[in-house]
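Down below is the structure, laid out as structure tokens.
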Amino acid sequence: MAVKVAPSILSGDFAKLGKEAERMEKAGADMIHCDVMDGVFVPNLTFGHKMVADIRKHVNIPLDVHLMIVNPEKYLDKYVQSGADRLSFHYEATKQAKDNLVSLKNSGVKAGLAICPDTPAEEIFHLLDFCDFIVVMGVHPGFSGQKYIPTTTEKIRVLHDEILRRKLKVEIEMDGGANESNVKSIASAGVKVMVSGSCAFNSPTPETVISDFRNSDQ
Ligand code: DX5
Ligand code: ZN
């Protein structure tokens, strides 16, 4: 089965994000990855729920919203209302991950839990029953264009094995550092959704990057 590809508009031109999302939809993206950063959880600041709602009007494909903010529970409703189809927050940013996941599922969006490179896979095993997907970060969150941390691949394998062992329907999404040379080996560890920031946006032919990423598990 093909890997779904989610270009991250963090690498797009912020003066025209609607158009950038359209460009990726036309190039064959399966969804648009929207990175929300608060300048506290990560050392960078992007945009809030109004931007997500405005991008929503530009494309028909799902919006995959990745919250890198502290106390995400304060804002989950706003992002659900903004038209996110998939919504993830960070395990490291909250004391109530389980409640947040349950509330997201009840709101009708796909509930995702994101983990930073220093968080071991085993630490979130007890939350897998409540997740639709896990975002495994391949870089320290904050910026696009960083180098992939190679130990991420083994972490994906560990998570994938646990998901299979418990017969769960949890998708693994990999976010950060994927490129044409490493995408196949990352995908083979059990990735269902591959985020691509700089690789898709900086290419003169994003349709080729997206199609290569899509076929990376074959
Ligand atoms: C990093 C973001 C990623 C980033 C990926 O904090 O969460 O989504 O945009 O960009 P690349 O693919 O360039 O690493
Ligand atoms: Zn992201």
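Numbering of ligands and ligand atoms starts at 1, following listing order.
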At under 4.0 Å between heavy atoms, which part of S8 makes contact with ligand 1: side chain, backbone, both or neither?
side chain
Between S11 and S144, is any side-chain donor less than 3.5 angstrom from a side-chain acceptor?
yes
Can you list the ligand 1 atoms lying under 4.0 Å from a non-hydrogen atom of [X]?
{"X": "P141", "result": "6 (O)"}
{"X": "G177", "result": "11 (P), 12 (O), 14 (O)"}
{"X": "H66", "result": "7 (O)"}

OH (Y75) with more than 12 external heavy atoms under 6.0 Å:
no
Just wondering, do L104 and F89 contact through their side chains at under 4.5 Å, heavy atoms?
yes
Does any non-hydrogen side-chain atom of I156 lie less than 4.5 Å from one of V191?
yes
So is [X] polar-close to ligand 1, meaning N/O to N/O under 3.5 Å?
{"X": "G145", "result": "yes"}
{"X": "S11", "result": "no"}
{"X": "G142", "result": "yes"}
{"X": "S196", "result": "no"}
{"X": "S198", "result": "yes"}

Please determine whether any non-hydrogen atom of [X] lies less than 4.0 Å from an atom of ligand 1.
{"X": "H140", "result": "no"}
{"X": "G176", "result": "yes"}
{"X": "F143", "result": "yes"}

In the shown structure, where waters are left out, how many protein N, O or S atoms lie under 2.8 Å from the Zn ion (ligand 2)?
4
Check the hydrophobic clustering (I, L, V, M, F, W, Y; side-chain heavy atoms under 4.5 Å; chains of links allowed) and say if M68 and V193 are grouped together.
no
